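Note sheet for the following structure.
As the structure is a prediction and not an experimental result, all values here were calculated from the model. Proteins get letters first, then strands, A, B, ... in listed order; numbering begins at 1 in each.
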Amino acid sequence: MKRSWLRQVIVSVWMLLVMAEFLSLVILPKLQGRL
Amino acid sequence: MPYIGSGPLISIISAACVITLAALSWHFGRWCLSFAGLSGHKRGEPALFSAALGLTAVCLGIFVLGMSGHLSRRSFTVLFALMLAMPFIAKRNPVRTERGQDPLPFPLPAKLLLLAAFFLSLIAALAPCTGIDALAYHLYLPKEFLRLGRMEFLPYCRETLWPFNTEMLFMAALRFQGTALAGLCHWIFYPLTAAAVYLCARRYYDADHAVWSAVFFVMTPAVFAQAGYPYVDISLAFFVFMSVYTLLIARDTDRIGAYALTGVFCGAAMGTKFFGLGCLMLLTPMVCVISRFKPSRVIAFALAALLIGGGWYLRSWLLSGNPVYPLFHDLFGGNGWGIQMDEGAGLGKSPLDLIRFPWNITLNINAFGGQMMGALFLALIPTLLIDLKKPRTASIILTVFTAGFTIFLFTQSQHARFFISVVPFLALGAASAFLRLRSMGALSRAISRTVVAILLVLHSAIFVYRTRADWPVVSGRVSAEHWLLENERSFKGFDFIRKHVDAGATLLNAAEVRYFYAPDDRRITHFPHLDTRLNKEGGSLERFLIDQPFDYIWISNTPDPAIANALKHYAYEPVFTYDFTEKPDTFHNIIFKRPSGMPKDV
């Protein structure tokens with residue numbers, strides 16, 4: 001049970017991290033006309 | 001202007017033409033498929049395989065017409081008529097699906113999302129062409145071949161002997177209509193690849209997996225962007241994926257016909273782009289292992305691949321002495337010219353760079369040519385690693401090929417759009433990951449749904465944004481010429497040449513590699529061709545420009561020193577200037593004219 005929660009936390013953090021990076025490094029610069 | 005047109009009527013005619021092409025391909029391909037002797041097809045597979053075989057046959061047929069110098073409209077019509085008649089002349093039992101199968105499920109929201117993406121990309125494909133490589137060679141060379149009446153070797157042109165399967169469709173499109181139809185001839189591979197991904201996932205996984213795989217493939221921004229141009233990246237992705245899909249079927253059935261189909265699609269990939277050779281390099285050992293080294297299976301695969309794709313390499317070898325001219329000139333000799341495949345994209349080729357590559361290509365898009373892969377694959381696929389289960393054999397084969405082909409492309413050239421060939425496989429992997437996350441627990445289910453939903457909305461917004469400029473021209477509110485003057489870098493310069501440069505005057509184009517819109521009835525020399533010719537002949541560019549001065553010289557930004565010297569030597573005067581911005585760069589174009597009466601040696 002504990003292991004399952006740990007896995008879920010790790011994959012969730014990963015997905016949120018990738019999305020946040022994508023927004024800040026790709027989408028925001030596009031919106032600001034920098035890309 | 002020839003080949004250029006837009007508006008509702010042209011859109012309808014082009015759509016009708018491409019539907020006819022698809023129907024003819026399916027009709028002829030179904031006949032070809034009956035020779036493979038396969039049974040046990042799942043629903044939808046015979047139609048997909050037939051269309052793929054038929055399109056391959058159309059490309060091959062036009063290749064033969066081009067090589068034999070029969071590029072008139074009548075020759076094309078005879079070819080299409082033959083393809084229409086053959087299945088009626090030599091009748092065979094059509095391939096059927098297994099009885100009692102479930103219908104192909106596709107939830108309404110996913111269906112609407114995909115239809116919207118297809119429709120928006122269709123609008124982009126129908127707009128006059130602005131793609132750099134399309135104007136530089138994907139469309140320019142078919143136009144040149146049509147003008148010459150034969151697929152000749154143009155010795156100073158870099159791409160003249162490249163494998164051009166998809167360009168054969170473009171050549172037919174230009175012969176019958178123009179750039180709108182050519183755009184659709186590439187666009188058609190977008191829904192076809194989505195269908196292939198869907199049907200493969202349906203066969204080897206389940207219905208949910210099939211739907212999500214198709215959604216992830218279609219919603220990839222780089223794939224969407226390419227679907228709007230007459231390029232070859234999605235057709236390559238389609239044939240590469242089809243070759244692996246049929247290899248999986250060959251493993252299941254152990255039929256020679258299935259291995260031959262794998263070879264046919266591998267050959268079609270080889271004939272689409274040099275990168276298709278990577279498919280051959282990977283599939284050959286895989287076929288050997290999967291067939292347990294049965295000679296008949298391996299020979300069926302290899303023969304089919306060489307028969308379908310080998311013609312392009314034979315043509316190149318016979319005409320230049322190099323089967324992959326002008327690549328690998330160290331090995332085969334460059335026939336006076338050689339280039340490197342790597343064009344400066346990417347962030348290094350070390351093993352560490354390879355590990356970082358998925359992160360970099362997703363988040364540092366400018367370093368990989370500016371195309372956007374989107375964050376879905378990076379967010380989802382690595383999560384498979386945390387809960388590794390014993391994989392199915394199909395998953396192992398798909399993973400081995402994906403990894404091998406990615407490494408092959410990584411070592412060759414790291415432009416993001418070249419990796420579109422692996423996107424169908426990544427879509428299958430992302431769907432696996434997403435479905436596993438949904439069943440892992442409440443937290444991962446909630447987060448994965450939220451992340452996927454946000455990213456799909458973002459990608460949809462990007463699709464709408466990308467096509468915003470195309471609506472006025474496709475709807476007919478703005479003429480194609482007027483739209484191109486505003487939206488295409490080279491068009492304004494060629495428009496000036498068409499209207500203001502005498503037919504007898506000579507002009508050096510040192511500004512543009514996009515040659516497609518150049519008027520055929522003007523004496524234009526393109527700088528890369530002249531430079532290559534002089535390199536090959538051992539001549540000096542500086543001397544040439546002084547001894548045989550052009551009447552006009554067109555430059556962009558800073559010219560070559562030899563050109564700058566000639567401009568000064570003859571006191572050329574600027575007659576036309578214009579700026580064009582393609583973010584982040586601005587191109588300052590000047591067309592100079594040599595003053596009349598100026599002697600050759602002043």
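Considering every non-hydrogen atom in both A/Met15 and B/Val451, the closest pair reads CB-CG2, 4.0 Å.
For the set B/Ile386, B/Asn364, B/Leu385, B/Leu380, the count of heavy-atom pairs under 4.5 angstrom toward chain A peaks at B/Ile386. When the candidates B/Pro382, B/Ala433, B/Ala461, B/Ala446 are compared by the number of heavy-atom contacts under 4.5 Å with chain A, B/Pro382 comes out ahead.
Residues A/Lys30 and B/Tyr465 form no side-chain contact, since every pair of their non-hydrogen atoms from C-beta on lies 4.5 Å or further apart.
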Residues A/Leu16, B/Thr450; criterion side chain to side chain contact (heavy atoms under 4.5 Å, CB included); working and verdict
CA-CA 9 Å; A/Leu16 290 171; B/Thr450 309; over 6 Å; no

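If you take CE on A/Met19 and CG on B/Leu458, they are separated by 8.5 Å, rounding to the nearest 0.5 Å. For the atom pair OG (A/Ser4) and CG (B/Leu443), the distance works out to 9.5 Å, reported to the nearest 0.5 Å. In this structure, the separation between OG on A/Ser12 and CE on B/Met440 is 8.5 Å, given to the nearest 0.5 Å. Rounded to the nearest 0.5 Å, atoms CG (A/Leu25) and OG1 (B/Thr362) are 11.0 Å apart.
Relative orientation of the A/Phe22 and B/His459 rings is perpendicular, given thresholds of 30° and 60° on the angle between their planes.
Remark: of the listed residues B/Leu378, B/Leu376, B/Leu455, B/Leu378 is the sole one forming a side chain to side chain contact (heavy atoms under 4.5 Å, CB included) with A/Val18.
In terms of modelled atom types and a separation under 3.5 Å, the side chain of A/Trp5 and the main chain of B/Gly441 share no donor-acceptor contact.
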